[in-house]
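First up is the structure itself, then whatever we jot down about it.
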Amino acid sequence: MDNLREKLAALQAIAGNPAAQLEKFLSEGRKVVGCMPYFCPEELVYASGMVPFGLTGEEMQASEAKRYWPAFICSVMQTVLELGLRGRYDGLAAVMIPTLCDALKGMDGNWRRGVKKIPAIPVVQAQNRKTEAGLEFTASQYRKIRSRLAELAGREVTDAAVAGAVSVYNDRRAAMRGFMAASAARPGLLKPSQRSAVFKSAFFMDVNEHAAAVRELTALMEEQPAAEYRGPKLVTSGIMADNSGLLGILDDCGVAVVDDEVTNESLRYRTDIPVTEDPFKGMALLLGEIEGCSVLYDPGKNRGRMLIDLAKKSGADGVLLVQTKFCDPEEYDYVPLRRMLEEAGIRNLMVEIDLQTTENEQTRTAVEAFCESLR
């Protein structure tokens, strides 16, 4: 168990201090490209010889960013821009900004206006992501990004290099699926905060180093015997679920997160990039195959059916819907998701998180009452 705790502590330290990781990469003379949520083509950055680095915001009060954003924009966008304006991302070669939601569409212009020293690369992906036209459009945009990254890296980025990067990232996806399976088979072995750190650290580490660390951790977890867990077992869902206040409450309540449908957690790893003759087509196909995410076009609300299946398969006692405050796609999804879960007889609770909120007592009361009702 000591080795297991040591591995977890190392990943928690990285997840809790992204600035130190960025400084480490820059001090090594490596070029780093910031990647904003969601589904940035990190493989293209890796293929260019640069380091992709997640920009996921920080628990802080934004002030300068409010000159660019209205108060009702999600705190992820608020705090990412705030950190950029304060110079915390100085040294980045560029920032990639997907445009999958309205806030991200606005981020591109705000970043160009406010953080002039770090160039922005828009990542435009088709919302009609399953049609042939949509696939061709997304692939064409990835090729444009490849050209821009090649300019920044000062080197050619060949199709072979992109295919190699796809293989590396698929290997990490496999490693993460192994971790997810080991965690689900041993409810309670990891606290929710520890499980979350394994996912979050991926945004700030070299992909090969993270895959190796996860495999070592998984091997140590598999050495531990599976035992019946009597505490509340939950499946989580949302855009992000790494809020320290919420995770501390889940830890205190003895919750075991047995699986998730969180965009910044399992949805990044459940599906491999298909190996195709044209690697850009394969990367576009991946976006078409991901389901269960509110920022991807989902008129049939497959996310609800996936949550029901996930809760039943994992033996969860209920579902925790983690709502990022002011996230319109998540808010629109909540009503149909709740209706589908209740019709399936699955207990559920929605909690709201915000990176600028310091008080979580209402959330604590709601989670404690929910866990008590599950017992």
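Numbering of residues begins at 1 and proceeds along the displayed sequence.
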**Item:** Verdict with supporting geometry, Asp251 and Lys191, salt bridge (charged side-chain N to carboxylate O under 4.0 Å, His left out)
**Value:** CA-CA 6 Å; Asp251 286 354; Lys191 294 181 179 180; 5.4 Å; no
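- Each of Asp278, Thr276, Ile273, Leu135 was checked for a side chain to side chain contact (heavy atoms under 4.5 Å, CB included) with Met283, and the lone residue meeting it is Ile273.
- Close placement of the Phe53 and Phe204 rings is indicated, their centers lying within 6.0 Å of each other.
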Contacts table for residues 1-16: side-chain donor-acceptor under 3.5 angstrom, sequence neighbours left out:
unit_1, atom_1, unit_2, atom_2, d
Asp2, OD1, Arg5, NH1, 3.1
Lys7, NZ, Glu216, OE1, 2.5

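- The side-chain hydrogen bond (donor to acceptor under 3.5 Å, both in side chains) check on Asp298 picks up nothing, with sequence neighbours excluded.
- With Ser196 contributing its side chain and Ser193 its backbone, the two residues share no donor-acceptor pair below 3.5 Å.
- At a cut-off of 3.5 Å, with distance as the only test, a side-chain donor of Asn208 or Tyr46 sits close to an acceptor on the other residue.
- No hydrogens or angles considered: nothing links the side chains of Asn110 and Arg113 as a donor-acceptor pair under 3.5 Å.
- Arg303 and Ser237 share a side-chain donor-acceptor pair at under 3.5 Å.
- Ring pair Phe199/Tyr269 is tilted by interplanar angle, where 30° to 60° counts as tilted.
- Counting heavy atoms from C-beta outward, Met50 and Val32 have side chains that stay 4.5 Å or more apart.
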**Request:** Show the numbers, then the answer: is there a salt bridge (charged side-chain N to carboxylate O under 4.0 Å, His left out) between Asp317 and Arg347?
**Result:** CA-CA 7 Å; Asp317 301 308; Arg347 303 288 296 277; over 6 Å; no
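- Between Ile290 and Arg129, the closest heavy-atom pair is O-NH1, 2.8 Å.
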**Pair Glu58-Arg86, salt bridge (charged side-chain N to carboxylate O under 4.0 Å, His left out): steps then yes or no** = CA-CA 13 Å; Glu58 186 174 302; Arg86 292 188 186 187; over 6 Å; no
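- Under the 3.5 Å distance criterion, with hydrogens and angles disregarded, a donor-acceptor pair is assigned to the side chains of Glu330 and Ser294.
- Note: the hydrophobic cluster containing Met240 does not contain Val255 (ILVMFWY, side chain heavy atoms under 4.5 Å, direct or indirect links).
- Ser244 and Glu59 share a donor-acceptor pair across their side chains, judged by distance under 3.5 Å alone.
- Here the side chains of Val351 and Gln323 are not in contact, with every heavy-atom distance at 4.5 Å or above.
- Side-chain N or O atoms of Ser27 include one that pairs as donor or acceptor with a backbone N or O of Lys24 at under 3.5 Å.
- Side-chain contact annotation: Asp260 with Ser266, donor-acceptor N/O pair under 3.5 Å present.
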